[in-house]
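Below is one structure, written out as structure tokens, with a few remarks after it.
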Amino acid sequence: MSLQLQNNQRFDVSSIQFLTVDDFQNNVRSALSNGYRIIALTPIDKNIPEKIIAVVTDNASSSINIIGGQFDKSKLEFESFANEFPQTNYFECELSENYGYVPLNHPWLRPVRKQNVILGNKPYHFYKLEGEEVHEVAVGPIHAGVIEPGHFRFQCHGELVYNLEINLGYQHRGVEKLLLQSNSDQRIILSESIAGDTTIGHTFAHCSAIESLTQTQLSLRAEVIRTIASEIERIAMHLSGLGGVANDVGFALPSSSYGRLRTLAINSLLALCGSRSGRGLFIYGGVRFDFNDDIINVVKKNLEVIRNDVAEINNYLFSSIGVLTRFEDTGSVSNDLAKTIGLVGLTARASALEEDARINFPYSAYRYNPVSMITLSSGDVFARARLRALEIDESLKFIFDQMDNLPSGELKSNVGAIKNNSGVVSIVEGWRGEIVHIAFTNENGNLTQYKIKDPSFNNWYGLSLALRKTAISDFPLCNKSFDLSYAGHDL
Amino acid sequence: MNDAIKIRLLQGDPIIHDVRSVKLPPLFRGLPRIEDKECQAGCTKCSEVCPTNAINLNPVQIDLGLCVFCPLCEEVCPEKIIHFTNEYHTVVDSREKLIITKQVKSISPEIASQKIRKYFGKSLKLREISAGGCNGCELELNALSNVNFDLGRYGIEFVASPRHADGIVITGPLTQNMTNAIELCYEAVPNPKIIILFGACAISGGIFQNSDSIQSNFLEENKIDLYIPGCPPHPLTFINGLLDWLDKK
Ligand code: SF4
Ligand code: SF4
């Protein structure tokens, strides 16, 4: 009953069957029972809310499956999946907020981004805990550091956190809506600004989606340059994350050393494309900048310093008893829990879930130049930090291999018109995890829907649960080890 | 202990000693130069392609407050009239100074008033407000405190509370959902206080200028002291702009 696709495969909208509400429910439920994971729940046209799709993926078969449902315009309701499959809960909240759906018996329906609109400026009622010796801590939206805004509400008993509720949406600037109104040049800039720490990741997903809708074939050289840039971004942000956790346990020397190495990583992007965050590199059909010998030398020199120094710094950090005491068993997420709530990316792999889109849904140059799946099992701050270190090594290996064997080819292929009545699902493994961009067009080839899912959309839920029964003083450390995006969530 | 010394030795001397005259790579897109040439008759390519409407024609003008340095205009100009240099000294103290014309070869802020320098010249504490920013600007502001840029040596620091601050730095296009927080935060900063806008989003909304989820009244109601263009601006742009303005070294 569902349409089965591969990553970035264009399809005709007419090949989706729109089932009755009951059949839709049954199909989604059976897919989820069989271990499929939900990655989107959305109408295919912003203006026709009654026709929706659930997109579920299966790692084993590398398949993306679309299940369509046709609702009655005046009765946008369905029995919530969330009691049985908690991973769906937030997707349902989002669908409800944006299109007025009512997921019946939803366990925890709450605003996702538009609380001002949803609640009519009335205050949101946080989960409450009462009793002697119980206290509540409210943090944000503006936090102590130079970071994005969000509101955290802790219910504590002494030092112990019973519950943490995370309320976001402050960065909401309407990216998805703007994407539909924009021309092609604006769309690329917008996708560079979905989450500025994942410029390459999101632009990669966006360009792949449009290239598939325009049936554009890229040269291998362009594909390789894209994946190298994407691995440099991963290295830079993993270094930043390691610096962050080192800093949060008061270990200044490694922290500042990681910071120094991060500069080398982002300056490699600067050398390649003139921007430390990789802006301007991607264009539809390829890349704007090439690796010439000078740039290859700069980048290799920078990465060699990283390769050498990071090994020493990692040894120092991960052999310190003080550090390990703070990292181990802190903010643990078990494998079961991670699976149930649908964690993705680094956070999922730290709980032994094999979730990596580069391997499960291979795209671009990763199809020919695979990377390894790396997982750890303890699911704690230690695993999330240690995994970063291991992934940096793997990325360095990938980049050096590719740079020594750069294929020849055009930087940019010709891009035709966007096909009409089409859809595409584009998945990319950003440094945090799975990024999904979904696009649909109408009979004129104009976009009717553009849906974005940042890995943070899945993983904020994980942070909130990881905090339970943890000391509130461990919050910064847990938060940093998850290292989630507010902008990517708020859109 | 030995390991610590080893790590310290690896660190070497990473600090940028002379932040005034670093040479950024040629591809870095800083202050644009508009050549003193005539456009082809009727050509409107650059202004048509600009994703943020930063270009006005007859004669060619680029508004750096809107520009995201993408560099589409440079690419499409048949006469190569527009060219982005790697000049990163681009901080100014008024919105008009961000308009680049053929005549403008460099931009910089006026030296701040005696009073401002007396108050803030030796120690300037700033509270950052991220208001719809994509985290690109926030990352560059964070980088200011790393061992390369080491902003602290100039007495300029980011602090955890507006009560400790002498002013605010805003990033992002000021979303509706942040309106209250911005007002509250600014109110909590004791007088006298300054406002700095960091990045295209904060100055003009940038690529988000047409979003109905942003609400930038705050900028009209308050006096802005410094504008730092870029998407995101380079950390050196920030440092140099503040040093120029406070007339330090
Ligand atoms: S570089 Fe600036 S002025 Fe030129 S097209 Fe891009 S945004 Fe517009
Ligand atoms: S100016 Fe650019 S980098 Fe800064 S917040 Fe806006 S989009 Fe992000």
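Each chain gets a letter, A, B and so on, in the order its sequence line appears, and its residues count up from 1.
Counting non-hydrogen atoms of neighbouring residues, nucleotides and ligands closer than 6.0 angstrom, the CG atom of B:L9 exceeds 12 such neighbours. Within 6.0 Å of CG in A:N308 there are more than 12 heavy atoms belonging to other residues, nucleotides or ligands.
Contact between A:A144 and B:R127 at its shortest, heavy atoms only, is O-NH1, 3.0 Å. The minimum heavy-atom distance linking A:V146 with B:E128 is given by the pair CG1-OE1, 3.5 Å. Listed here is the closest heavy atom pair of B:G133 and A:A487: O-CB, 3.7 Å.
At a cut-off of 3.5 Å, with distance as the only test, a side-chain donor of B:Q11 or A:S256 sits close to an acceptor on the other residue.
For the options B:P232, B:C137, B:A143, B:S145, heavy-atom pairs under 4.5 Å to chain A are most numerous at B:P232. Of the residues considered (B:V147, B:T175, B:L10), B:L10 shows the highest number of contacts with chain A, using heavy-atom pairs under 4.5 Å. Annotation: maximal heavy-atom pairing with chain B below 4.5 Å, among A:S193, A:G174, A:P141, occurs at A:S193. Interface remark: of the candidates B:G136, B:P173, B:G132, B:G132 forms the most heavy-atom pairs closer than 4.5 Å to chain A. Interface check for chain A: of the options B:I129, B:N146, B:N142, B:V68, the most heavy-atom pairs under 4.5 Å are formed by B:N142. Between chain A and the options B:G172, B:S130, B:C231, the largest number of non-hydrogen pairs under 4.5 Å is found for B:S130. Annotation: maximal heavy-atom pairing with chain B below 4.5 Å, among A:N315, A:L178, A:V175, A:I194, occurs at A:L178.
Residue B:P26 does not touch chain A at all, counting heavy-atom pairs closer than 4.5 Å. Using a 4.5 Å cut-off between heavy atoms, B:F69 does not touch chain A at all.
The stretch residues 181-190 of chain B places B:A181, B:C185 near chain A, each with some heavy atom under 4.5 Å from a heavy atom of that chain. For residues 200-213 of chain B, a heavy-atom distance under 4.5 Å to chain A picks out B:I207, B:F208, B:N210, B:S211, B:D212, B:S213, given by residue number. Taking non-hydrogen atoms and a 4.5 Å limit, the residue list of residues 294-305 of chain A in contact with chain B, ordered by number, reads A:I295. Applying a 4.5 Å heavy-atom cutoff, the residues of residues 263-285 of chain A that approach chain B are A:T263, A:L270, A:A271, A:L272, A:C273, A:G274, A:S275, A:R276, A:S277, A:R279, A:G280.
We find the CG-CZ distance between B:L27 and A:F289 to be 5.5 Å, quoted to the nearest 0.5 Å. B:I214 CD1 to A:R173 CZ: the interatomic distance, rounded to the nearest 0.5 Å, is 11.0 Å. The NZ atom of A:K114 sits 10.0 Å away from the CG atom of B:N177 when rounded to the nearest 0.5 Å. With rounding to the nearest 0.5 angstrom, the SG atom of B:C134 is 9.0 Å from the CD atom of A:Q171. Remark: B:N135 CG to A:D197 CG distance equals 4.5 Å, nearest 0.5 Å. We find the CZ-CG distance between A:R288 and B:L72 to be 5.0 Å, quoted to the nearest 0.5 Å.
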Take A:R262 and B:N148, measure what side-chain contact (heavy atoms from CB on, under 4.5 Å) needs, and give me the verdict at the end. CA-CA 10 Å; A:R262 177 178 172 270; B:N148 307 105; over 6 Å; no
Go through A:D185 and B:E48 one step at a time and tell me if the side-chain contact (heavy atoms from CB on, under 4.5 Å) criterion holds. CA-CA 10 Å; A:D185 296 321; B:E48 266 167 44; over 6 Å; no
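Counting heavy atoms from C-beta outward, B:E138 and A:I147 have side chains that stay 4.5 Å or more apart.
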